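Written out below as structure tokens is the structure these notes cover.
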2 protein chains.
Amino acid sequence: MTETADILLVDDDVLIQLMVEDVVAQMGHRFHCAADGAQARAALKRQRFDLVILDRRLPDTDGLLLAQTIQADARAPFIVLSSLSASHDQLLGLGLGALDYICKPVEPALLRARIAKHIDAPREAPEDRVVTVGTALQLNTQTRRLSVDGRTEVLSPAESRLLVHLIHTLDRPSDRLEISKAICGREWVYGDRTADVLVSRLRRRLAGSAVEIVTVHGLGYLLTVKPEG
Amino acid sequence: MTETADILLVDDDVLIQLMVEDVVAQMGHRFHCAADGAQARAALKRQRFDLVILDRRLPDTDGLLLAQTIQADARAPFIVLSSLSASHDQLLGLGLGALDYICKPVEPALLRARIAKHIDAPREAPEDRVVTVGTALQLNTQTRRLSVDGRTEVLSPAESRLLVHLIHTLDRPSDRLEISKAICGREWVYGDRTADVLVSRLRRRLAGSAVEIVTVHGLGYLLTVKPEG
DNA sequence: GTCGTCGTTTACATCGCGTTTACATCTTGC
DNA sequence: GCAAGATGTAAACGCGATGTAAACGACGAC
């Protein structure tokens, strides 16, 4: 399970929004936010979520009134995060189908653990993430296996990230700053040759294939499909 | 599920015992009770439970120390019911694999709702007694006997669970988090080398067979069938 | 109690790989 | 054509990840 999930927070408290966003981001999932019932319904209609975190006190409704919509239409699992902590409130939430009922205030680490319990459970069979360039090249970003020219190469993590980035920006040149960020997540500083060395290594891996990494002098690199030949 | 389940309470507080017994009986499940760690171990050895409810403060131990036994041997789901309500206590419990962490005091109705969440959850399909990889390898998960390369090896429980997991995810890499969950039912924390050691031991067992465990550097491991040779 | 089993932790050897260095080669602007 | 800077790439470096033997500690058997 290295799959990223989509998590929707329904809460109008900005401090909670920031905290949850931080937690969700750290877990490697995608964060979405709705500040009231109307926004929540719109979001739920727009896309599917792997988990919804509901506050009860919303500007325009009680969060639990969304529960029905969530279950009937979106069929998404949800948990309640509320300052209404009385037993009968918790009972109501759990009775309406909440997977969990967490009382504010809650520490980020604990929220994270609770979220993890429910995200990890209903995980689909993790699909292999494969990116391709036509029929010339297939890269499994999980195993980092690259099928090319009939062979199979196993890339290093950085090589894999570089190739993914180049494929995403096919035919468009990337400068070193962009590449450095995509590969190592840091700023490029003058004199850093890491990208160049990785490009060099990747070129050898791609030898004989239908694609090539072209140097754009004074700028950076781009991946392109070789003209017939 | 509408079937009656067996629920074990591990708690020495008579008032709690009475309350939980009442709740469990009302739900139509069978109630079992252990007043300390020793009794709990004995009970877990004697029979299988659908849910274990653990107190932390026990006469002879911390309830969480039973977590390992519960998961390793009995593979029973468990929740913690404790008056230790600090965030780090809850984190510890959830990290060790508890499905839920309920803080005392708790009202019967709320406890009932929480229990229902975990009892009603879809029970895992009973696993195959024998799992195989082609004709190369057969593992009886009951006796933990592994037929491989003409020999018969007897695996330890953890080795067996690891191999089962790797077979279920054949040719797909599993990270340490996934492996740790599958083997020990708990979160993986940075620095935990248990999985690595087990992989190492399992590799020795599999020596000479047609399969091998390959390392995916920076990620984890995967089981694959060796190419001809 | 002692002993055996087994999961875990510790310790250390080894390896992989991102990075740096060094130098060859190429591009560009003059 | 030439100098200056940019790029290509082999080799070396070093840190963190992995392999694994051994120690440890909890538990069950007796």
Side-chain angles (χ1 to χ4, degrees), chain A residues 144 153-163 173-176 179-207 212-222, chain B residues 36-46 60-62 64-75 96-97 144 153-163 173-177 179-180 182-207 212-222:
Chain A
R144 303 193 303 266
E153 301 263 349
V154 179
L155 306 187
S156 79
E159 285 168 354
S160 171
R161 285 194 299 271
L162 171 59
L163 183 52
S174 305
D175 59 31
R176 286 177 175 68
I179 291 176
S180 197
K181 221 163 215 166
I183 300 176
C184 334
R186 68 173 178 216
E187 296 292 328
W188 179 80
V189 292
Y190 183 87
D192 184 348
R193 308 296 310 285
T194 303
D196 304 76
V197 174
L198 281 170
V199 164
S200 171
R201 289 179 183 165
L202 200 49
R203 274 179 174 145
R204 192 178 310 177
R205 306 268 202 190
L206 294 174
E212 66 180 335
I213 301 176
V214 178
T215 303
V216 183
H217 197 97
L219 218 181
Y221 302 93
L222 73 82
Chain B
D36 57 39
Q39 287 182 28
R41 287 181 203 285
L44 284 164
K45 178 176 296 185
R46 201 180 326 118
D60 58 349
T61 183
D62 182 329
L64 285 181
L65 293 179
L66 290 168
Q68 189 182 322
T69 307
I70 289 174
Q71 302 213 80
D73 301 345
R75 312 262 337 127
L96 286 172
R144 302 195 306 270
E153 301 263 350
V154 180
L155 306 186
S156 78
E159 285 168 354
S160 171
R161 285 196 296 275
L162 172 58
L163 184 52
S174 305
D175 57 32
R176 286 177 175 70
L177 201 142
I179 291 176
S180 193
I183 300 178
C184 334
R186 67 174 179 216
E187 298 291 329
W188 179 80
V189 292
Y190 183 88
D192 185 347
R193 306 297 310 284
T194 304
D196 302 75
V197 173
L198 282 169
V199 164
S200 172
R201 289 179 184 165
L202 200 49
R203 272 180 175 146
R204 193 176 309 176
R205 306 267 202 190
L206 294 174
E212 67 180 336
I213 302 175
V214 316
T215 303
V216 184
H217 196 99
L219 218 183
Y221 301 94
L222 71 83

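Predicted, not measured: the structure shown is a model, and the values here were computed from it.
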- On a heavy-atom basis, the closest approach of A/Pro173 and A/Val216 is CB-CG2, 3.9 Å
- Below 4.5 Å, heavy atoms only, C-beta onward: do B/Asp196 and B/Arg176 meet side chain to side chain? yes
- Task: Quickly work out the B/Ile70 CD1 to D/dA26 C1' distance and round it to whole Å.
- Result: 15 Å
- Note on the structure: Comparing A/Val199 with B/Ser200, nearest DNA chain D nucleotide closer to 5' gives the residue A/Val199
- Between D/dA21, D/dT18, C/dC17, which nucleotide gets closest to the side-chain atoms of B/Arg176? D/dT18
- Report which part of the nucleic acid B/Gly218 touches: base, sugar-phosphate, or nothing (heavy-atom distance under 4.0 Å, all strands). sugar-phosphate
- Item | Salt-bridge present (A/Arg205, A/Glu159; N to O < 4.0 Å) | yes
- Query: Whole Å only: how far is the CG atom of A/Leu206 from the P atom of D/dT9?
  - Reply: 12 Å
- Message: Could you tell me how far apart B/Leu162 (CG) and C/dC6 (P) are, to the nearest whole angstrom?
- Response: 15 Å
- Task: Grab the CD-C1' distance between A/Glu153 and C/dG16 for me, whole Å please.
- Result: 16 Å
- Query: Would you say C/dG7 has OP1 or OP2 under 4.0 Å from some side-chain N or O of B/Ser156?
  - Reply: yes
- Note: for B/His217 and B/Leu155 on DNA chain C, the residue whose nearest nucleotide lies more 5' is B/Leu155
- Query: Rounded to whole angstrom units, what separation is found between the CG atom of B/Asp196 and the P atom of D/dG16?
  - Reply: 17 Å
- Task: Give a yes/no answer on whether the side chain of B/Thr215 brings an N or O atom under 4.0 Å of OP1 or OP2 in D/dG19.
- Result: yes
- Message: Just by distance, no angles: are the side chains of A/Thr215 and A/Arg203 close enough, under 3.5 Å, to form a donor-acceptor pair?
- Response: yes
- Cationic N near anionic O, under 4.0 Å, A/Arg186 to A/Asp192: yes
- Query: Taking the nucleotide of DNA chain C with the closest heavy atom to each, which residue, A/Val197 or A/Arg144, is nearer the 5' end?
  - Reply: A/Arg144
- Query: Does a nitrogen or oxygen in the side chain of B/Tyr190 sit under 4.0 Å from OP1 or OP2 of D/dG16?
  - Reply: no
- D/dA23 OP1/OP2 closer than 4.0 Å to side-chain N/O of B/Arg193: no
- Starting from the 5' end of DNA chain D, give me the residue, B/Arg41 or A/Arg201, whose nearest nucleotide shows up first. A/Arg201
- Query: From C/dT9, C/dT19, D/dT18, pick the nucleotide closest to the side chain of A/Thr194?
  - Reply: C/dT19
- Message: If I take atom CZ in residue A/Arg161 and atom P in nucleotide C/dT19, what distance separates them, rounded to the nearest angstrom?
- Response: 8 Å
- Task: Would you kindly give the CG-to-C1' distance between A/Leu219 and C/dT28, to the nearest whole Å?
- Result: 15 Å
- Integer-rounded Å distance: D/dA26 P and B/Asp60 CG: 14 Å
